[in-house]
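Inspection log for the structure reproduced underneath, given as C-alpha cells.
Keep in mind that this is a model prediction, so the values were computed, not measured. Quick note on labels: first sequence line is chain A, next is B, and so on, each numbered from 1.
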There are 2 protein chains.
Amino acid sequence: MDLTKSLGELALGSRFKRISDRLMQDVNLIYKEHRLDFESRWFLMFYALTQRSPQSITELAAALGFSHPAIIQLSTEMEKAGLIRSHSDKEDKRRRLLALTEKGRVTGSDLKEIWEDIEAAAREAIRETGIDILGVIEKIETVLEQKSLWARVEGKIKKRRMDAVEIVVYSPAHKSAFKSLNYEWLEKYFKIEELDRKILSHPEKIIKSGGQIFFAIHGGKAAGTCAMIKHHRHEYELAKMAVTEKAQGMQIGKKLAMTAIDWAKKQKAHAVVLETNRKLAAACALYKKLGFIEVPFTSPSLYQRTTIAMRLEL
Amino acid sequence: MDLTKSLGELALGSRFKRISDRLMQDVNLIYKEHRLDFESRWFLMFYALTQRSPQSITELAAALGFSHPAIIQLSTEMEKAGLIRSHSDKEDKRRRLLALTEKGRVTGSDLKEIWEDIEAAAREAIRETGIDILGVIEKIETVLEQKSLWARVEGKIKKRRMDAVEIVVYSPAHKSAFKSLNYEWLEKYFKIEELDRKILSHPEKIIKSGGQIFFAIHGGKAAGTCAMIKHHRHEYELAKMAVTEKAQGMQIGKKLAMTAIDWAKKQKAHAVVLETNRKLAAACALYKKLGFIEVPFTSPSLYQRTTIAMRLEL
DNA sequence: ATTAATTACGTAATTACTTACATAAATATA
DNA sequence: TATATTTATGTAAGTAATTACGTAATTAAT
C-alpha cells in the first residue's frame, strides 16, 4: 500500500519529512484561518527576537541553524509586515541589527496565546502516543552526531568492497598482469627503468629466489599486485606494489600489503623493507599505517625514483 | 544554546525536519561521492518502477505521496539520464506509461548494493538508540491521523475563547448595548421595524413582565446579547439574539442561548419558542444544534422578516 | 603601515517541491 | 446523442530553503 512505509529503514528520511511537513502545514493553516498576518516560517526568528533584541543577521542564522541568506529573506518579509526594523551597528558597520517594532511586540503578545494552544495540542498528541517523543528525537540526534549516516554507510561500502577482493599467489597465468599493472603507474608518475623491465618481465625469478608475488582478484580480474623479494634469510623487500586506477579506493593496497607481511612472518622474516618516492603520498601513508618507519639508506638505491626507505620490524 | 531544542513541543515540526534533512543530505552525499549518476530524490520513484513497470504519472504520484507535477519533473530528469522511457497508453490515450529502460534495470542492480548498505547503516543507528524508531513513527502517524494537530489546536482555541466570555444578566448599564448590538445586524440584513424600536428602547419592560436579558462580556465590553420574553406561565420566547461581527466565531451565540435556556428551565418553563429568517443560516444551524425543531405558525408573526418558527420542548 | 585573512552581508542562481490553472480524453447523465 | 463531469496530464508560477560568489569592513600578521 504505502511505499514509504514498506521500505522500512531505507526511507527513514522520507518518513520523518512526512511527519514534519504535516505538522508545519497544520500550523500554517492555523495562522491562515485566524487571519493572523503571520507566516509559520517566521516563527523561529520572531521568537528569537522576542527573547533578545536586537540581533545581527549571522547571530540569528547561527541560533536558528539556517543560512544567512535565509535570515535576510525572512527579515525583508517581516520588515514589510512591519514586525521588525533594522539599523546598522555603530560599532561594526558591517553588521545590521534586527529588532522588533512596537507592532512586532504587540503581535507577539497576541500570538503568545496561539502558541500556548499549539504547544498544548502537541503535548496532548504526544501523551496519546504514550511515548516520550522529545526524548526519542534527542536520542536520534545524539546517535547521528556520534556517527553520521554517511560515515556508517561509507564503512559498510568499504567493508563490502574489501570482502569482494580475493588475494592469490603467483601463477604463470598472472605473468602479464604483473607487468601491465606496474607499467600503468610507472609510466604515469615516473619512467620505466632498466631494472623494472628486467624484474617485471621475469616474475618467476622472484619466486625462484625465495620470494613471492600476490595478486588482488576483483570481478575475476587482477586489480592489484605486490611482490616480496627475498634479501637474505630474515629480510624481505616489499616491492612492485600496484593497484589499477579503476579499483582505487577499495582498500586493495592495504589488503595486498597485509597479506604479504603475513606471508613474510610465516617465512620467519625479522623485517620487511621497502623503497619508494615521497611523491606517492597515498602509498607512504599506507606504509606508515602498517607500522613501517622511515630509515636512512644503508646502500644507494638501484632505482632513480627512490627518495625514501622504510622498514618494518616483525 | 539550541533554540529549536529549548522550544520543546512548539518546535516539534522543525526538529523532525532537521533529522530528515540530515538523513537525506547524507544519502545524497553517498551518491555524489561514488559518482553514481543518480539523485537521491529519484529513489522512491525509481524503486516503485523496479517493483512494477510500467506505471502512469498519477499512479506513481499516489504511490509516492507526491503531486503529479513532481512526478512529471522527476520523469523528465530520469528520462534524460536514460533510466526510464515513456509511451502513451493505447487503451487510454490520456495516460503516459513510464517504464525502466535496460540501462535503468542495470543501474538498479548496481544501486541495490548501496541501498543494502544504507539500510544496514540505518538499522545500525536505530539499534544504537535502543528505540523502535519505526514503531514510534508509526504511532505518531496514527495519532495524527485520528486527530490532526490542526483539529487539536482549533479545539484549544475554541475552548479558550469560550472561557474568555462571561455571561451576565441585565443591568441598566447595558441598556444602550442591547439596542446597538441588535441594530447592527438588523440594519445589515433587514430593516428596523416599529416593534424592534419599541422593544430595544425599553429593555426593562422585558424584565418587568417576567423575562430576562443576557449579555456576553468579552474584554470588558458587551459582545453579544439575547432576551427571554415571557409568553405565559410555561412558555418563553428566545428573541433579540445578537453577536457583534468582530466577536463572531467565538461561540458566543451558543453560550448565550445555552444560558438563556438554562434560565428558562429554572423558571419551570415547558418550552422555548423563537421566530427567525431562513436567510440567517448560522443562527438556524445553532438553534437546530440546541434541539429546536421547526414548527408551523400558530399565529401570524409580528415581524415582517419572520419566515420560520421553532420550538424546543424542555 | 601595508598586506593578507577573516567576517558580515548581499545578490543571483539553484533545488525540490508545491499550488493553480488549462486542455484533452474518457465516462456518466439527461 | 449531445452535454456535463471527471480524470490524466501538462505548464507556469510560487515557496522556502540552499549554494556560490562578490564586496565592504574589520582584524591579524609582517
Side-chain angles (χ1 to χ4, degrees), chain A residues 4 11 13-14 16-18 20-29 31-32 38-46 54-81 84 86-98, chain B residues 4 13-14 16-29 31-32 38-46 54-81 84 86-98:
Chain A
T4 315
S14 301
F16 279 117
K17 184 167 186 299
R18 198 153 71 177
S20 131
D21 283 352
R22 194 178 210 161
L23 293 175
M24 295 174 98
Q25 220 173 62
D26 274 22
V27 173
N28 244 327
L29 201 64
Y31 291 130
K32 240 172 231 162
F38 190 84
E39 303 283 329
S40 62
R41 67 177 178 285
W42 298 349
F43 170 70
L44 283 178
M45 179 161 150
F46 189 85
Q55 283 186 262
S56 77
I57 306 279
T58 27
E59 270 169 350
L60 285 165
L64 313 196
F66 285 173
S67 65
H68 82 267
I71 303 296
I72 293 174
Q73 277 170 34
L74 289 177
S75 80
T76 13
E77 286 174 41
M78 289 167 74
E79 203 156 3
K80 205 182 281 170
I84 63 166
S86 71
H87 59 274
S88 90
D89 187 350
K90 261 151 215 144
E91 320 230 306
D92 183 342
K93 285 172 200 160
R94 295 168 306 174
R95 284 153 58 89
R96 201 180 86 196
L97 296 174
L98 304 179
Chain B
T4 316
S14 301
F16 279 117
K17 183 167 187 299
R18 199 155 67 179
I19 293 176
S20 132
D21 282 352
R22 193 179 212 159
L23 292 174
M24 296 175 97
Q25 220 174 62
D26 274 22
V27 173
N28 244 326
L29 201 64
Y31 291 129
K32 241 172 229 162
F38 190 85
E39 303 284 329
S40 62
R41 67 177 178 285
W42 297 349
F43 170 70
L44 282 177
M45 178 161 152
F46 189 85
Q55 283 186 260
S56 77
I57 306 279
T58 27
E59 270 169 351
L60 284 165
L64 314 196
F66 285 172
S67 66
H68 82 268
I71 302 296
I72 293 173
Q73 278 169 34
L74 288 176
S75 81
T76 13
E77 287 174 41
M78 289 167 74
E79 203 157 2
K80 204 182 282 172
I84 63 166
S86 72
H87 60 273
S88 91
D89 187 349
K90 260 150 215 146
E91 321 230 306
D92 182 341
K93 284 173 199 159
R94 295 169 306 175
R95 285 153 58 89
R96 201 180 85 195
L97 297 174
L98 305 180

Self-check item: Between C1' of C:dT7 and CG of A:Asp89, the distance in whole Å
Solution: 13 Å
Quiz item: With A:Glu77, which residues qualify under salt bridge (charged side-chain N to carboxylate O under 4.0 Å, His left out), at least two apart?
Solution: A:Arg41
Exercise. Would you classify A:Ser67 as touching base, sugar-phosphate or nothing, given that sugar-phosphate means primed atoms plus P, OP1 and OP2, and contacts are heavy atoms under 4.0 Å?
Key: base
Quiz prompt | Listed partners of B:Ser75 passing side chain to side chain donor-acceptor pair (under 3.5 Å), at least two apart | solution = B:Arg96
Which pairs of donor and acceptor atoms, one on a side chain in residues 21-28 of chain A, lie under 3.5 Å apart (sequence neighbours left out)?
from, atom 1, to, atom 2, distance (Å)
A:Asp21, OD2, A:Lys17, NZ, 3.2
A:Arg22, NH2, B:Glu145, OE1, 3.2
A:Asp26, OD2, B:Leu149, N, 3.2
A:Asp26, OD2, B:Trp150, N, 2.8
A:Asn28, OD1, A:Ser40, OG, 3.2
A:Asn28, ND2, A:Ser40, OG, 3.2

Quiz item: Just how far, in rounded Å, is C1' of C:dA8 from CG of A:Leu97?
Solution: 11 Å
Exercise. Specify the separation, in whole Å, of atom CG of A:Leu98 and atom P of C:dA8.
Key: 14 Å
Quiz item: With sequence neighbours excluded, what pairs up with B:Phe38 under the ring-ring contact (aromatic ring centres under 6.0 Å, His included) test?
Solution: B:Tyr31, B:Trp42, B:Phe46
Quiz item: Separation of A:Met78 atom CE from D:dA16 atom C1', in whole Å?
Solution: 15 Å
Self-check item: Spacing between A:Asp92 atom CG and C:dC9 atom C1', to the nearest angstrom
Solution: 11 Å
Self-check item: Check: B:Thr76 main-chain N/O paired with B:Glu79 side-chain donor or acceptor under 3.5 Å
Solution: no
Write out a two-atom table: protein N or O, nucleotide N or O from nucleotides 5-7 of chain D, distance below 3.5 Å.
from, atom 1, to, atom 2, distance (Å)
D:dT7, O2, B:Arg94, NH1, 2.6

Quiz item: For A:Gln73, what residues pass the side chain to side chain donor-acceptor pair (under 3.5 Å) criterion, not counting sequence neighbours?
Solution: none
Self-check item: side chain to side chain donor-acceptor pair (under 3.5 Å) involving A:Ser20 - partner list, sequence neighbours excluded
Solution: none
Quiz item: Does the pair B:Ser14 and A:Leu44 meet the rule for a side chain to side chain contact (heavy atoms under 4.5 Å, CB included), with working shown?
Solution: CA-CA 9 Å; B:Ser14 301; A:Leu44 283 178; 4.0 Å; yes
Self-check item: Nucleotide D:dT26, atom P - distance to NZ of A:Lys90 in whole Å
Solution: 14 Å
Enumerate all atom pairs, one protein N or O and one N or O from nucleotides 10-16 of chain C, separated by less than 3.5 Å.
from, atom 1, to, atom 2, distance (Å)
C:dG10, OP1, A:Arg96, NH1, 2.5
C:dG10, OP2, A:Arg96, NH1, 3.2
C:dG10, N7, A:His68, NE2, 2.8
C:dG10, O6, A:His68, NE2, 3.2
C:dA16, OP1, B:Arg41, NH1, 3.2
C:dA16, OP2, B:Arg41, NE, 3.2
C:dA16, OP2, B:Arg41, NH1, 2.2
C:dA16, OP2, B:Arg41, NH2, 3.1

Quiz item: How would you list, by chain and number, every residue that makes a side chain to side chain donor-acceptor pair (under 3.5 Å) with B:Arg95, sequence neighbours excluded?
Solution: B:Asp89
Quiz item: Once you round it to whole Å, what is the distance between C1' of D:dT9 and CD1 of B:Ile71?
Solution: 12 Å
Quiz item: Can you tell me how far P of C:dT27 sits from CZ of B:Arg95, to the nearest Å?
Solution: 11 Å
